[in-house]
Amino acid sequence: SKATVSVLNWSLCGVPVSTPMAEGKKKTSPVRLLARAALGGVVAATGYMWFQKQSSEDLHAMLTWKNGVVLVFGAMMMKRLVGGFKKQLPTDKVEFEAATKKGTTGVLLVNLGTPGGTSTPALRKYLTEFLSDDRVVDAPAHCRWMLVNLIIAPFRSPKSAAMYKRIWNPDLHHTNEGSPLMKHGRDLVRKVKSNLAASGHGGKIHVELAMRYQEPSLENALFNLKRKCVEHIVVVPLFPQYSSACSGSIHQKVFEILARWDRIPHLTFNSTFMDAKGFVECFSETSKELMKKDYDQYMFSYHGVPVNQMTKGSVECRPDSDCQTGCCSSLTERNNLCYRAQCHETTRRIVAQVGIPKDKFITTFQSRLGPTQWLQPYTDKTIDRLAEEGKKRVLIFSPAFVADCLETLDELGSELKEQFVEEGGETLDLVPSLNSTEVFVNCVSDLIRKLAVYSS
């Protein structure tokens with residue numbers, strides 16, 4: 001049976017009885033449960049016998065509020081110590097030895113994440129995890145904790161919940177399956193698997209979907225690949241341009257998880273695919289119908305990041321740089337991991353591919369948070385300026401988002417459109433995201449075949 005084959009595969013790989021399951025839960029063996037119960041009984045019996053030997057006066061003297069405080073504090077510290085020690089230990093011990101399938105590659109397609117539903121508690125949980133990442137909010141740990149847990153998450157969660165409800169599948173409000181990002185992610189993985197199988201690589205390349213925050217988690221996705229005994233793991237963040245807050249955070253989290261493995265397979269991290277075969281051509285296909293219309297302006301809107309992150313990503317990046325004529329006017333070896341430079345290079349490539357006049361496009365940045373300076377020009381400020389200049393018809397590309405999400409469907413497709421019309425504009429159209437279109441599936445599949453190591 002399938003269950004027998006699964007158990008046999010686990011035993012060959014060296015999986016212990018208690019391991020994280022594919023669906024993210026842990027199954028504790030009966031033997032371990034009995035051992036815990038026996039230990040608890042011994043502790044209780046010992047405590048009872050000790051109390052029996054004490055006189056009532058001794059017990060009364062011991063049960064003071066000071067001793068109670070010390071006891072509670074000691075228990076909390078012990079729990080923290082044991083918990084911290086356990087986190088440093090390997091949680092599972094799958095061995096990559098004789099059972100490792102030679103030439104097999106596991107591929108992780110990773111997106112940012114999506115909340116577990118559209119309720120305020122679900123959004124608070126998601127925002128807390130997301131914004132607690134030190135690569136997202138670059139601040140001292142204690143300041144970040146207070147900012148996220150006492151200000152942003154409590155006050156922003158209700159507003160974010162209302163925004164997510166506008167894009168969610170109305171029948172699946174209490175699960176992440178209603179998320180467009182999740183839907184398109186699962187569709188992409190399914191179609192990529194079919195593409196790889198059709199080209200004869202299905203048995204050698206195993207593909208898993210993961211989210212940096214929430215579910216399906218990176219840890220569970222990696223464990224699924226571990227169960228398949230792959231000898232090579234390829235991590236592909238679904239962000240065409242590299243940024244520390246997105247791709248960098250995924251890379252770091254993967255390192256943290258694999259550090260607990262006994263044996264670490266060969267690893268490949270893909271940082272960017274804005275220059276991958278077929279990527280720019282995808283936008284010719286998705287914008288084909290809209291490009292038949294005439295627009296006054298073409299806008300390329302990318303997710304914004306704080307300016308101080310840019311100064312860390314490239315030796316040439318400066319807060320006062322003019323990206324049209326300065327350091328981002330071309331992509332070089334010195335700025336090739338600069339997010340802003342990659343965004344402008346992506347714009348130039350798409351403009352050349354789809355045939356947009358050089359005097360009718362602009363690159364902007366959206367979704368800023370907080371009072372700090374973010375990459376400019378801002379998308380919302382730019383749309384106001386275009387309306388003031390008398391531009392009536394605008395077409396927006398969003399090349400930083402490969403799947404429809406809150407930033408494309410609601411922020412650009414709804415809020416920005418309303419803002420443009422209110423300021424005097426007439427039409428604001430949004431080029432559909434790549435999602436799981438055939439051209440993007442081919443692009444991702446080609447990238448995987450290029451990165452994978454397998455035996456023919």
Side-chain angles (χ1 to χ4, degrees), residues 13 90 92 94-97 99-113 135 185 188-193 195-197 199-212 216-279 313 331 333 336-339 342 346 402-403 434 440-456:
C13 293
D92 42 5
V94 179
E95 298 292 345
F96 289 83
E97 294 180 351
T100 298
K101 299 175 183 177
K102 294 297 182 181
T104 55
T105 295
V107 178
L108 281 185
L109 297 181
V110 192
N111 216 320
L112 186 70
R135 284 182 176 265
L188 177 65
V189 168
R190 176 175 54 83
K191 293 180 180 180
V192 166
K193 287 181 178 179
N195 186 294
L196 295 173
S199 62
H201 304 101
K204 290 292 185 179
I205 304 177
H206 305 281
V207 184
E208 292 283 339
L209 174 68
M211 298 292 176
R212 172 59 182 88
S217 70
L218 273 170
E219 187 162 13
N220 290 332
L222 282 167
F223 183 75
N224 288 341
L225 296 179
K226 197 174 193 181
R227 288 176 55 194
K228 293 180 173 65
C229 299
V230 298
E231 67 171 358
H232 177 210
I233 292 179
V234 177
V235 182
V236 182
L238 290 173
F239 305 103
Q241 302 82 22
Y242 174 86
S243 69
S244 172
C246 295
S247 301
S249 178
I250 291 171
H251 294 174
Q252 178 175 323
K253 186 64 175 181
V254 169
F255 279 127
E256 292 173 359
I257 295 170
L258 295 185
R260 302 197 299 269
W261 289 18
D262 287 340
R263 296 290 299 276
I264 299 176
H266 177 65
L267 291 173
T268 298
F269 290 90
N270 190 72
S271 295
T272 175
F273 59 90
M274 44 81 64
D275 56 350
K277 176 185 176 183
F279 176 70
L331 197 63
E333 292 183 356
N336 64 347
L337 282 183
C338 170
Y339 175 71
Q342 290 187 358
T346 304
V402 298
L434 304 182
F440 187 52
V441 170
N442 291 336
C443 174
V444 174
S445 301
D446 288 340
L447 178 64
I448 290 174
R449 279 188 284 266
K450 177 182 176 182
L451 296 172
V453 174
Y454 57 89
S455 298
S456 58

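- Two residues are said to be in side-chain contact when any heavy atoms from C-beta on lie closer than 4.5 Å; M211 and P216 meet this criterion.
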Side-chain atoms of residues 236-246: list all donor-acceptor pairs with protein atoms under 3.5 Å, sequence neighbours left out, distances to 0.1 Å.
from, atom 1, to, atom 2, distance (Å)
Q241, NE2, T346, OG1, 3.1
S243, OG, C246, N, 3.3
S244, OG, R135, NH1, 2.8

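- Residues passing the side-chain hydrogen bond (donor to acceptor under 3.5 Å, both in side chains) test with N270: none are found, sequence neighbours excluded.
- None of I448, L447, V441 except one satisfies the side chain to side chain contact (heavy atoms under 4.5 Å, CB included) rule with S445; the exception is V441.
- Using a 4.5 Å cut-off on side-chain heavy atoms (C-beta onward), K253 and L222 make no contact.
- Atom CG of residue L209 and atom CZ of residue R190 lie 12.5 Å apart, to the nearest 0.5 angstrom.
- H232 and T268 share a donor-acceptor pair across their side chains, judged by distance under 3.5 Å alone.
- Rounding to the nearest 0.5 Å places NZ of K277 at 8.5 Å from CZ of R449.
- Looking at heavy atoms from C-beta onward, L451 lies out of side-chain contact with F273 at the 4.5 angstrom threshold.
- Summarising the geometry, atom CD1 belonging to I233 is positioned 11.0 Å from atom NZ belonging to K228; distances are rounded to the nearest 0.5 Å.
- Counting only heavy atoms from C-beta outward, the side chains of K204 and T105 never approach each other to under 4.5 Å.
- In this view, F269 and H251, F255 satisfy the ring pair (Phe, Tyr, Trp, His ring centres under 6.0 Å) rule, not counting sequence neighbours.
- One distance of note links CG of L196 with NZ of K193; it measures 10.0 Å at 0.5 Å rounding.
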